[in-house]
Amino acid sequence: MKTPNKVVCIGECMVELYPAEKGLWQQGFAGDTMNTAWYLRQLFDGTWDVEYFTALGQDRLSDEMHAFLQRAGLAVDHIVRIADRQPGLYAIHLQDGERSFSYWRENSAARLLADDPDILQQIMTEQDVIYFSGITLAILPPKDRDTLLRLIGNARKNGQQVIFDPNLRPKLWKTQNEMCEAIERAAALSNLVMPSFSDEQDAFGDPSPSDTAHRYLTLGCEEVVVKNADAEIIHRALESAETRFAPKKIKPIDTTGAGDSFNAGFIYAKCSGKSLDDAISLAQNLAGHVIQKRGAIVELPKLVTAKRS
């Protein structure tokens, strides 16, 4: 039997509070790279090993989060446990289906996920695909960020596929210049970059999604998918011209996790050898289902998962 291929998603899983009925809050676990890992696990359905790497505390919520990741079928063998730390927390605020967040993460254990280069090196050498985000970079001290990026660069040189979502969150960075420099440095080390145009326009002043794609390609990546809310999606690669894909007009209930689930659909399809049209279609179907539910993590219906084959 062929050994399954492996993908690791690196970042921060947080305690999530999202609005329920009658002014109550529902508690779950979520975080941008973890959301993508969770959807990848459902899509791959055992054909690939999906690992999530982060750092957790040794408190009760960290134990519950670790158990949640295990129940989801994610490999968690390398997760670091750190005394006197705990998971970060965020609350979702909704207005007409669009979300904003409040965060409590200053003492998050995930800020130390790159503190041990040997563990990171071990994880990365075992993977076929490595996925990380701008939030992964933002929460790290500069020294650890440099360590992570150095090892990411080595992985790409070794022939592993590196996928990066810039996921720009200016409030997590000391300055915009620091954010932009780190994001472009990470993109230059990646094979595939998956930005969101509205974020890129605000941070880099890109006039159009096409300009966003061009900018990232000139940095050194090979392929770009520019997500664009309810407007056209742009795909461009070094060896192919720009392709535009019409949006699917869906009125959202909660857009939390939309980009993360879209990324999972596209990554799954790409790793499975599917066409670009099929990859974008699956990504849109998946994101379209997620934004019809509350919270970042939702179960996938058979209709969505069936379209993966």
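Since the structure is predicted, the reported quantities are computational estimates derived from the model, not experimental observations.
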Student: Before accepting this row, confirm whether a basic side-chain N of the pair Lys293/Glu299 lies closer than 4.0 Å to the acidic partner's carboxylate O.
Tutor: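 Judged by the 4.0 Å cut-off on N to carboxylate O distance, Lys293 and Glu299 do not form a salt bridge.
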
Student: Under a single-linkage definition using a 4.5 Å side-chain heavy-atom cutoff for Ile, Leu, Val, Met, Phe, Trp and Tyr, are Leu140 and Tyr103 assigned to the same hydrophobic cluster?
Tutor: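 No; Tyr103 is not reachable from Leu140 via cluster members.
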
Student: Pair Glu200, Tyr216 - check side-chain hydrogen bond (donor to acceptor under 3.5 Å, both in side chains), show working.
Tutor: CA-CA 11 Å; Glu200 303 293 324; Tyr216 278 119; 2.7 Å; yes

Student: Less than 4.0 Å between a side-chain N and a carboxylate O, is that true for Asp144 and Arg111?
Tutor: no

Student: Please lay out, stage by stage, how Arg145 and Glu178 fare under the test salt bridge (Lys or Arg N to Asp or Glu O under 4.0 Å).
Tutor: CA-CA 12 Å; Arg145 189 183 306 144; Glu178 179 187 44; 3.5 Å; yes

Student: Using a strict threshold of under 4.0 Å (side-chain N to carboxylate O), is an ion pair present between Glu232 and Lys227?
Tutor: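 No, no charged N to carboxylate O under 4.0 Å.
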
Student: Can you list every pair that meets ring-ring contact (aromatic ring centres under 6.0 Å, His included) and has a residue in residues 221-260, with sequence neighbours left out?
Tutor: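 Every pair satisfying ring-ring contact (aromatic ring centres under 6.0 Å, His included) with a residue in residues 221-260: there are none.
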
Student: Give the minimum heavy-atom separation between Ile92 and Trp25, together with the two atoms involved.
Tutor: O-CZ3, 3.5 Å

Student: State plainly whether the residues Asp59 and Arg81 are in salt-bridge range, i.e. N to O under 4.0 Å.
Tutor: no

Student: Kindly give the heavy-atom pair with the smallest separation between Ala231 and Pro247, and that separation in Å.
Tutor: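 Residues Ala231 and Pro247, closest heavy atoms: O-CB, 3.4 Å.
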
Student: Say whether, by atom type as modelled, one donor and one acceptor occur between the side chain of Thr147 and the main chain of Ala114 under 3.5 angstrom.
Tutor: no

Student: Transitively linked via ILVMFWY side-chain contacts under 4.5 Å: Leu112 with Leu149?
Tutor: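 The answer is yes; both residues are in one hydrophobic cluster.
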
Student: Within the 3.5 Å criterion, strictly below it, is a donor on Thr33 or Tyr52 matched to an acceptor on the partner's side chain?
Tutor: yes

Student: Only one of Ile280, Asn285, Ile291 passes side-chain contact (heavy atoms from CB on, under 4.5 Å) with Phe262; say which it is.
Tutor: Ile280

Student: Between Asn263 and Thr36, do the side chains contain a donor N or O and an acceptor N or O under 3.5 Å apart?
Tutor: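 Absent: no donor and acceptor within the cut-off.
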
Student: Can Arg156 and Asn158 be said to form a side-chain hydrogen bond (donor to acceptor under 3.5 Å, both in side chains), step by step?
Tutor: CA-CA 5 Å; Arg156 183 178 177 185; Asn158 290 336; over 6 Å; no

Student: What about Trp104 and Ile82, same hydrophobic cluster or not, with Ile/Leu/Val/Met/Phe/Trp/Tyr joined at side-chain heavy-atom distances under 4.5 Å?
Tutor: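 They do not share one cluster, since no chain of ILVMFWY contacts under 4.5 Å joins Trp104 to Ile82.
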
Student: I'd like to know if the side chain of Thr54 and the backbone of Gly11 have a donor-acceptor N/O pair within less than 3.5 Å.
Tutor: yes

Student: May I ask you to check whether Gln127 and Glu51 show a side-chain donor-acceptor distance below 3.5 Å?
Tutor: yes

Student: Would a 4.5 Å heavy-atom cut-off, applied to side chains only, mark Val298 and Gln292 as touching?
Tutor: no

Student: With rounding to the nearest 0.5 Å, note down the distance linking CG in Leu43 to CG in Leu286.
Tutor: 6.0 Å

Student: Please tell me whether Leu113 and Val8 are part of a single hydrophobic cluster in this structure, the criterion being side-chain heavy atoms less than 4.5 Å apart.
Tutor: yes

Student: So, the side chain of Arg85 versus the backbone of Ser108: is there a donor-acceptor pair under 3.5 Å, distance only?
Tutor: yes

Student: What are the two closest heavy atoms between Phe204 and Cys180, and how far apart are they?
Tutor: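 That would be CE2-CB, 3.5 Å.
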
Student: Please find the pair of heavy atoms, one from Ser133 and one from Asp32, that lie closest to each other, and give the distance.
Tutor: OG-OD2, 2.6 Å

Student: Quick one: does Met34's side chain get under 4.5 Å of Cys9's, heavy atoms only?
Tutor: no

Student: Check whether any side-chain heavy atom of Ile130 lies under 4.5 Å from a side-chain heavy atom of Ile10, and answer yes or no.
Tutor: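 The answer is yes; the side chains approach within 4.5 Å.
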
Student: Once you round to the nearest 0.5 Å, how far does OG of Ser198 lie from CG of Asn228?
Tutor: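 Taking OG in Ser198 and CG in Asn228, the distance rounds to 7.5 Å.
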
Student: Report yes if the side chains of Met179 and Leu168 come closer than 4.5 Å at any heavy-atom pair, otherwise no.
Tutor: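 The answer is yes, as the side chains (C-beta and beyond) meet within the 4.5 Å cut-off.
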
Student: Between the main-chain N or O of Ala186 and the side-chain N or O of Ser190, is there a donor-acceptor pair closer than 3.5 Å?
Tutor: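 Flag set: sc Ser190 to bb Ala186 pair under 3.5 Å.
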
Student: What are the two closest non-hydrogen atoms of Met194 and Asp165, and how far apart are they?
Tutor: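 Result for this residue pair: O-OD1, 3.1 Å.
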
Student: Is there a side-chain contact (heavy atoms from CB on, under 4.5 Å) between Val129 and Ile163? Walk through the geometry before answering.
Tutor: CA-CA 7 Å; Val129 177; Ile163 302 174; 3.7 Å; yes

Student: Decide, yes or no, whether a salt bridge links Arg185 with Asp146 under the criterion of side-chain N to carboxylate O below 4.0 Å.
Tutor: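 Counted as a salt bridge, because a side-chain N and a carboxylate O are separated by less than 4.0 Å.
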
Student: Quick check against the 3.5 Å criterion: does Ser281 have a side-chain atom that pairs as donor or acceptor with the backbone of Asp278?
Tutor: no

Student: Please evaluate residues Phe164 and Ile152 with respect to the criterion side-chain contact (heavy atoms from CB on, under 4.5 Å), reporting the C-alpha separation (whole Å), side-chain torsions for both, the decisive distance (0.1 Å), and the verdict.
Tutor: CA-CA 10 Å; Phe164 176 58; Ile152 288 285; over 6 Å; no

Student: Inspect the surroundings of NE2 in His214 and state if more than 12 heavy atoms from other residues, nucleotides or ligands are less than 6.0 Å away.
Tutor: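 No, not enclosed.
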
Student: Would you indicate whether the side-chain heavy atoms of Asn191 and Glu223 approach each other to under 4.5 Å?
Tutor: no

Student: Are the side chains of Tyr18 and Gln27 in touch, meaning some heavy atoms are under 4.5 Å apart?
Tutor: no

Student: Do Arg244 and Ser210 have side-chain N/O donor and acceptor atoms under 3.5 Å apart?
Tutor: yes

Student: Kindly determine whether Arg169 and Asp199 satisfy salt bridge (Lys or Arg N to Asp or Glu O under 4.0 Å), including the steps that lead there.
Tutor: CA-CA 8 Å; Arg169 297 291 182 270; Asp199 294 344; 3.7 Å; yes

Student: Rounded to the nearest 0.5 Å, how far does CG of Leu17 lie from CG of Leu89?
Tutor: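 It comes to 4.5 Å.
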
Student: Roughly how far, to the nearest 0.5 Å, is OG1 of Thr212 from CG of Leu217?
Tutor: 11.0 Å

Student: Quick check on the hydrophobic clustering: are Leu192 and Ile135 connected, directly or via other members, by side-chain heavy-atom contacts under 4.5 Å?
Tutor: no

Student: Out of curiosity, Asn35 CG to Phe29 CZ, how far, rounded to the nearest 0.5 Å?
Tutor: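 Going from CG on Asn35 over to CZ on Phe29, the span is 13.0 Å.
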
Student: Walk me through whether Asp116 and Val80 qualify under side-chain contact (heavy atoms from CB on, under 4.5 Å).
Tutor: CA-CA 9 Å; Asp116 188 333; Val80 178; over 6 Å; no

Student: Has Thr136 got a side-chain atom pairing as donor or acceptor with Phe132's backbone, closer than 3.5 angstrom?
Tutor: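 Pair absent, no side-chain N/O of Thr136 close to backbone of Phe132.
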
Student: Please check: side-chain N/O of Gln160 versus main-chain N/O of Met124, any donor-acceptor pairing under 3.5 Å?
Tutor: yes

Student: Between Gln284 (side chain) and Ala246 (backbone), is there a donor-acceptor pair under 3.5 Å?
Tutor: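 Confirmed, Gln284 side chain pairs with Ala246 backbone.
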
Student: Tell me whether the guanidinium CZ or amine NZ of Arg105 lies under 6.0 angstrom from the six-membered ring centre of Tyr90 and within 45° of its axis.
Tutor: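 No - Arg105 does not lie over the ring of Tyr90 by the 6.0 Å and 45° rule.
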
Student: Side-chain contact test, heavy atoms from C-beta onward, threshold under 4.5 Å: evaluate it for Arg41 versus Trp38 and give yes or no.
Tutor: no

Student: For Ser208, does its backbone N or O pair with a side-chain atom of Asp206 as donor and acceptor, under 3.5 Å?
Tutor: no

Student: Please lay out, stage by stage, how Leu276 and Phe266 fare under the test side-chain contact (heavy atoms from CB on, under 4.5 Å).
Tutor: CA-CA 9 Å; Leu276 176 60; Phe266 188 86; 3.8 Å; yes

Student: If you take all heavy atoms of Ala182 and Leu137, which pair is closest and at what distance?
Tutor: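 Closest heavy-atom pair between Ala182 and Leu137: O-CD1, 3.9 Å.
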
Student: Determine yes or no for a side-chain-to-main-chain donor-acceptor pair under 3.5 angstrom, with Gln122 supplying the side chain and Asp118 the backbone.
Tutor: no

Student: Nearest 0.5 Å please: distance from the CD atom of Glu222 over to the CZ atom of Arg236.
Tutor: 14.5 Å

